[in-house]
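Comments concern the structure below.
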There are 2 protein chains.
Amino acid sequence: MKDSQLVTSKLRQIKNTLSSYLTKILPNYQITPITMYTLEFLRKNPDAMAVDLADEFGLTRGAVTQILDKLEQQHLVLRKPHPTSRRSIQIELTEKGTTLVDAILDDYHHEIEKLFTNYSEEELAILKQLLDKLPV
Amino acid sequence: MKDSQLVTSKLRQIKNTLSSYLTKILPNYQITPITMYTLEFLRKNPDAMAVDLADEFGLTRGAVTQILDKLEQQHLVLRKPHPTSRRSIQIELTEKGTTLVDAILDDYHHEIEKLFTNYSEEELAILKQLLDKLPV
DNA sequence: GTTATATTGTTTAGTTAATTAACAGTTTAA
DNA sequence: TTAAACTGTTAATTAACTAAACAATATAAC
């Protein structure tokens, strides 16, 4: 079997492992994957509009409205008037939302980093270089 | 930033890329991710019982019943009497099901393998070795 | 400038995929 | 022999999404 096939298979396994980590972590925070992703996207894109979220996740605008409703009920985000466009809204992460998403990402990333405990510094550096060649 | 963090971030990107590939491919085959995974699992585990599918995917037995109902309607699997246990069923991939899952995996894997077109044989070999160290 | 078109977010009704809980039949353990 | 556990199904319910219509606003065409 070719190395490209073996690496492909390994990447699929990694994908499953990461998914299972998230599935394990999120219930501790009473949050679903899509609301977590929403918070993370807003953390990285503070100026994002609702339609950007819809595009990012391949959802309808109606679905995003409902996700924001839930996040607002949990006081994790706040809808505010948009500073420049009156047909849009400004979606603000609350302090509670910011703290939450940071804690979740911390947990999640630490769990993933445990996968590398038996790697040397040099191996990690090479792995990083090789993965950086991926057009993702 | 430490390499373990950078690699972690890259693995998350890879996970998203793989997910989007699947999302793009599956509609061509009129199938959902969970039914695709079910077919793939049955392909690799011909003796699997319904309860094994539930365990594998973290679903209830009732959910698996419904997934199998759909797959049976599409003539992709067949429920047969189990050879040794009368309270269980034997889930058989039909020829149509086998052909379908093979075609999907072919598509999917080829799409992933395109990510490595700018890798040398040597780089791929090293990447494979390094990923094999992962406990996944 | 006015008008037509497109964009943004919301609402409502309906669909889909899942859960929960009860059940029947079968197997295993006491 | 009886009790407990296991396997799969069913029916009712819940949660997350879509589709389609809508109101308000912004952009483009002329």
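Every chain is numbered from 1, with letters handed out A, B, ... down the list of sequences.
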I need the full list of side chain to side chain donor-acceptor pair (under 3.5 Å) pairs touching residues 22-32 of chain B, with sequence neighbours left out, sorted by first then second residue. B:K24-B:E111, B:Y29-B:D107, B:T32-B:T35

Whole angstroms only, please: what is the CD1-P distance between A:I31 and D:dA16? 12 Å

Taking CD from A:E56 and P from C:dT8, how many angstroms apart are they, rounded to a whole number? 16 Å

Given the rule that I, L, V, M, F, W and Y join up when any side-chain heavy atoms are under 4.5 Å apart, are B:I89 and B:M49 in one cluster? no

Should B:E40 and A:R12 count as an ion pair when the cut-off is N to O under 4.0 Å? yes

Salt bridge flag under 4.0 Å for residues A:R79 and A:D69: yes

How many Å lie between CG on A:L53 and C1' on D:dC17, as a whole number? 16 Å

Could you check how far NZ of A:K80 sits from P of C:dG9, rounded to whole Å? 17 Å

Would you say B:I112 ends up clustered with A:L6 if hydrophobic residues are merged whenever their side chains have heavy atoms under 4.5 Å apart, either directly or through other cluster members? no

Any Lys/Arg nitrogen of A:E123 or A:K128 sitting under 4.0 Å from an Asp/Glu carboxylate oxygen of the other? no

Report the distance from atom CZ of A:F57 to atom C1' of D:dA16, rounded to the nearest whole Å. 15 Å

For C:dG9, does OP1 or OP2 lie under 4.0 Å from any side-chain N or O of A:R79? no

B/S/- contact track for nucleotides 16-30 of chain C, protein heavy atom under 4.0 Å: -SBBB----BBS---

What integer distance in Å separates A:M49:CE from D:dA26:P? 12 Å

